[in-house]
Amino acid sequence: DADVAAASAAGAASVFAPSVGEMWPEAPATRVHVGGLGDRWEGASRPAHFDGVATIVAKLFGLAGPSLAYFGEKDFQQLTLVRRMVADLSLPVWVIGCPTVRTTDGLALSSRNAYLSPDELAAAPALYRSLLAGKRAVEQGDTTDPAVVAETVAAALAREPRFALDYAAVVDPDTLEQPEHISAPVRLLVAARIGPARLLDNLPAEPPAPDRGGLPL
C-alpha cells in the first residue's frame, strides 16, 4: 500500500503488482545464474541471493516487455548483475542506474536504517566516511594498489567500533573483479554490520591522469 501511495504521488497512472500466486503458481524449475558477477562480494556473503534476484527480475522483464528499468546505485553489484543479464539474454530493457540518495551526513538511504537505534544511526555515516578515505587515496594518487585502498577503507571504518566489517573491495565497475593496479576508474565497495543491520555502500573513484611531462595528448 505504501508503494502504491508513493507511485501515485509521483504521478504513476497504474501499478503492476501481481500476487505471489500469480507470479509463481508452482515452484519454478528454472533459475537464472549470472556466473562470476553473482558469486563474489555479496554473492559470497549471501549464497544463492543473486540467483533469486536474477530469476525474479528476468521474469518481471519478460512480463513487462520493452521498457526502462531503474535500479539504485547503492546496490551496485545488483545493478551490474542485472545489466549483464539483460545484455546476455538480449532482453528489450534499458537498465538505468539511479544515484544513491544520502542524508546530509552522507548515510545512504535504505530501509535497513530503520532497524538502527538512535545511537547506531548517528554512528552509521562512518561507513560513508570510510569510502571517502579510500576515494581520496585513489584520486590523490597515494597508491595504485587496490589492496592498499581496501585496507584504507577498512582502517577508517575501524575507528567506529560499533561496525563489524564484512568486506571492503576495489573493483572494476563492469566485471566486479579486483584489478591488479588502479589505472582506470574503479568502484569502492563496503559492507559492514552495525547493531541488527547489515549496511552496504559504494563510491566511484578515478586515479589522476598520468603526468606526460607537458607533452600534448
Determine, using the 4.5 Å side-chain heavy-atom cutoff (strictly less than), whether [X] and [Y] are members of one ILVMFWY cluster.
{"X": "F61", "Y": "V32", "value": "yes"}
{"X": "F163", "Y": "Y128", "value": "yes"}
{"X": "L200", "Y": "V149", "value": "no"}
{"X": "F76", "Y": "V82", "value": "yes"}
{"X": "V170", "Y": "L189", "value": "no"}

For this session: With salt bridge (Lys or Arg N to Asp or Glu O under 4.0 Å) as the test, would you mind laying out the steps for D166 and R193 before giving the verdict?
Result: CA-CA 7 Å; D166 187 347; R193 288 192 173 276; over 6 Å; no
Exercise. Can you find a side-chain donor-acceptor pair between T143 and D145 that sits under 3.5 Å?
Worked result: no
For this session: Say whether E120 and Y115, considering side chains only, have a donor N or O and an acceptor N or O under 3.5 Å apart.
Result: no
Please round to the nearest 0.5 Å and tell me the distance separating atom [atom1] of [X] and atom [atom2] of [Y].
{"X": "L60", "Y": "T55", "atom1": "CG", "atom2": "OG1", "value": "12.5 Å"}
{"X": "D51", "Y": "I56", "atom1": "CG", "atom2": "CD1", "value": "13.0 Å"}
{"X": "W41", "Y": "L176", "atom1": "CH2", "atom2": "CG", "value": "9.0 Å"}
{"X": "I96", "Y": "Y70", "atom1": "CD1", "atom2": "OH", "value": "4.0 Å"}
{"X": "M85", "Y": "L81", "atom1": "CE", "atom2": "CG", "value": "7.0 Å"}
{"X": "Q77", "Y": "S45", "atom1": "CD", "atom2": "OG", "value": "9.0 Å"}

For this session: Show your reasoning for whether side chain to side chain contact (heavy atoms under 4.5 Å, CB included) applies to V190 and Y167.
Result: CA-CA 6 Å; V190 67; Y167 62 80; 5.9 Å; no
For this session: Apply the test side chain to side chain contact (heavy atoms under 4.5 Å, CB included) to residues L63 and F16: give CA-CA distance (whole Å), side-chain angles for both, the deciding distance (0.1 Å), then the verdict.
Result: CA-CA 10 Å; L63 291 167; F16 175 59; 4.1 Å; yes
Can you tell me if [X] has over 12 outside heavy atoms packed within less than 6.0 Å of its [atom1]?
{"X": "R84", "atom1": "CZ", "value": "no"}
{"X": "W24", "atom1": "CH2", "value": "yes"}
{"X": "R102", "atom1": "CZ", "value": "yes"}

[X] side chain to [Y] main-chain N or O, any donor-acceptor pair under 3.5 Å?
{"X": "D172", "Y": "T175", "answer": "yes"}
{"X": "E22", "Y": "S19", "answer": "yes"}
{"X": "K135", "Y": "L203", "answer": "no"}

Exercise. Are S117 and D119 close enough, and set up right, to give a side-chain hydrogen bond (donor to acceptor under 3.5 Å, both in side chains), and what steps lead you there?
Worked result: CA-CA 5 Å; S117 69; D119 286 345; 5.4 Å; no
List the atom of [X], the atom of [Y], and the distance in Å for their closest heavy-atom pair.
{"X": "A123", "Y": "I194", "result": "CB-CD1, 4.1 Å"}
{"X": "R40", "Y": "G36", "result": "NH1-O, 3.2 Å"}
{"X": "A133", "Y": "A156", "result": "CB-CB, 3.9 Å"}
{"X": "R112", "Y": "R198", "result": "NH1-O, 2.7 Å"}
{"X": "P208", "Y": "E139", "result": "CD-O, 3.7 Å"}
{"X": "V93", "Y": "G65", "result": "CG2-O, 4.1 Å"}

Under 4.0 Å between a side-chain nitrogen and a carboxylate oxygen: does that hold for [X] and [Y]?
{"X": "R129", "Y": "E160", "value": "no"}
{"X": "R187", "Y": "E73", "value": "yes"}
{"X": "K74", "Y": "D201", "value": "no"}

Exercise. Can you check side chain to side chain contact (heavy atoms under 4.5 Å, CB included) on L109 and T103, steps first, answer last?
Worked result: CA-CA 7 Å; L109 297 190; T103 62; 3.5 Å; yes
For this session: Please lay out, stage by stage, how F71 and V95 fare under the test side chain to side chain contact (heavy atoms under 4.5 Å, CB included).
Result: CA-CA 7 Å; F71 287 78; V95 179; 4.0 Å; yes
